2 protein chains.
Amino acid sequence: MISQKTVGRLSLYRRLLNVLAVQGTKNVYSHQLAAMAGATAAQVRRDLMAVGYMGTSIRGYAVDELIKSLGTFLDDPQGQSAALVGIGNLGRAILSYFSGRRPNLSIVAAFDVDPGKVGRVINGCRSYPLDELETVARELDIRLGVLTVPAAAAQSVAESMVRAGIRGILNFAPAPLKMPTGVYVEDIDMTMSLEKVAYFARQGELIRS
Amino acid sequence: MISQKTVGRLSLYRRLLNVLAVQGTKNVYSHQLAAMAGATAAQVRRDLMAVGYMGTSIRGYAVDELIKSLGTFLDDPQGQSAALVGIGNLGRAILSYFSGRRPNLSIVAAFDVDPGKVGRVINGCRSYPLDELETVARELDIRLGVLTVPAAAAQSVAESMVRAGIRGILNFAPAPLKMPTGVYVEDIDMTMSLEKVAYFARQGELIRS
DNA sequence: TAGATTGTTAATCGATTAACAATC
DNA sequence: TAGATTGTTAATCGATTAACAATC
């Protein structure tokens, strides 16, 4: 099984490779990709070997082929659909952020308990009452969820997501979710992140002074 | 030097402890806190020892004192101010997210290159032209930055943040920043996170089926 | 005391780094 | 060939986990 960190870096490499492809670059060496990704050359090579793609010592890696290999690895050929639950400021921003970015991976429905927020189209995405999550998720074959509700509601909403057949959750709520095995949760805790920044920024200054 | 992971968990523990304090809980055992945080009891104890706070075998940890200890550790007594650069959908959502949450750590100014977005007050936060970053940052003693600009602009904007005296950056732009030592960067890459969720959710289904 | 907790130490695990032989 | 790259293997590092003695 491949590690979470590696999958994250592969996603990053692909994005960087797309930039190179647009620039017309045909080949790239591990150390070049490493410099762009903020990694080491050996790490890049190890990660790419995990995908089963090997470079040559004379040309390094072929950009186009590598993008294709990463696509085979990272993307579902049939495409994957996500639901967003919690249409607040953050939820709306995320809808616009992911709107139409990837054909293979898109948010196709949004949900909220507030009747005033449902029955619309937000950034090309229809909004529904939370009650209908299960029905809509099964109908649209949604297996991924983005959770942008307040912390207090997070656990119970996450549980209904799981009941609706969702197997992966991107959790923005600042609350650890207790989920059954087989459900993958990735936490994005902005408060924690900002506090880390504050702590280490201060620490750096203490050390310097 | 304390690790990034530990600092992150301490931030989480404090939030959980605040919930307990509101409920009127006086004491808490490491295994209780661990269950809430999704960690192990030994890990909680180790983390708290890092702050220099030790529990007793009979009562565990005193909630109020622990919150105070964590505050001493995590917060700057003088308070820390942050600037947000990039007033798009995401930037606005983040301004509202952090608005008035912590007295000791708040976003006090927002910046953008678009003249149409500046000279206003957004969620209690004044917006300025990006040109004025250096002046305003020094005037308001801003040392932290939140970066919510498009990937293409991220590196150059981050460099002007550093010139303005900013020493910690919460980076939402999907681009690795090359920063001088002494500047701490915490990346929140939502695209990468969503792709990880998509990958592991699919993987789980493959394993099950 | 007995029991559940604590802090401490040693063992394990995983990822990263460094050193090396192989390739064109 | 010489040189820069590659994949492979061994060594290092750090964090986590497990086992233990100490405490009330």
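First the proteins, then the strands, lettered A, B, ... as listed; each starts at 1. Model, not experiment: these values are computed from the prediction.
In the model, A:Asn27 has no side-chain atom that pairs as donor or acceptor with a side-chain atom of A:Tyr61 under 3.5 Å. Counted by atom type alone, B:Gln4 and B:Tyr184 present one or more donor-acceptor pairs between their side chains at under 3.5 Å.
For C:dT6, the OP1/OP2 oxygens have a side-chain nitrogen or oxygen of B:Ser30 closer than 4.0 Å. Distances shown here put every side-chain N or O of A:Tyr53 at or beyond 4.0 Å from the OP1 or OP2 atom of D:dG7.
Using a 4.0 Å cut-off between charged nitrogen and carboxylate oxygen, A:Asp75 and A:Lys68 do not count as a salt-bridge pair.
Less than 6.0 angstrom separates the ring centroid of B:Phe73 from the ring centroid of A:Tyr199.
Geometric assessment of A:Arg102 against the ring of A:Phe98 yields a negative cation-pi assignment under the 6.0 Å and 45° thresholds. Figure legend: A:Arg101 and A:Tyr97 shown as a cation-pi pair, the cationic atom lying under 6.0 angstrom from the six-membered ring centre and within 45 degrees of its axis.
Protein atom NE2 of A:His31 is 8 Å distant from nucleotide atom C1' of D:dA4, rounded to whole Å. The separation between B:Tyr29 atom OH and C:dT6 atom P is 8 Å, rounded to whole Å. We find that CG of B:Leu66 is positioned 14 Å from C1' of C:dT6, with the value rounded to whole Å.
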* Classify every nucleotide of nucleotides 8-24 of chain D by which part a protein heavy atom approaches to under 4.0 Å, writing B for the base, S for the sugar-phosphate alone and - for neither, in 5'-to-3' order. => S------SSB-----BS

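For DNA chain D, if you chain together Watson-Crick or G-U pairs that step i with j, i+1 with j-1 and so on, the runs of at least three with distances under 3.5 Å are C:3-24 with D:3-24.
The backbone N or O of A:Val44 sits nowhere less than 3.5 Å from a side-chain atom of A:Ser30 that would complete a donor-acceptor pair.
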* Can A:Ser96 and A:Asn123 be said to form a side chain to side chain donor-acceptor pair (under 3.5 Å), step by step? -> CA-CA 6 Å; A:Ser96 103; A:Asn123 288 296; 4.8 Å; no

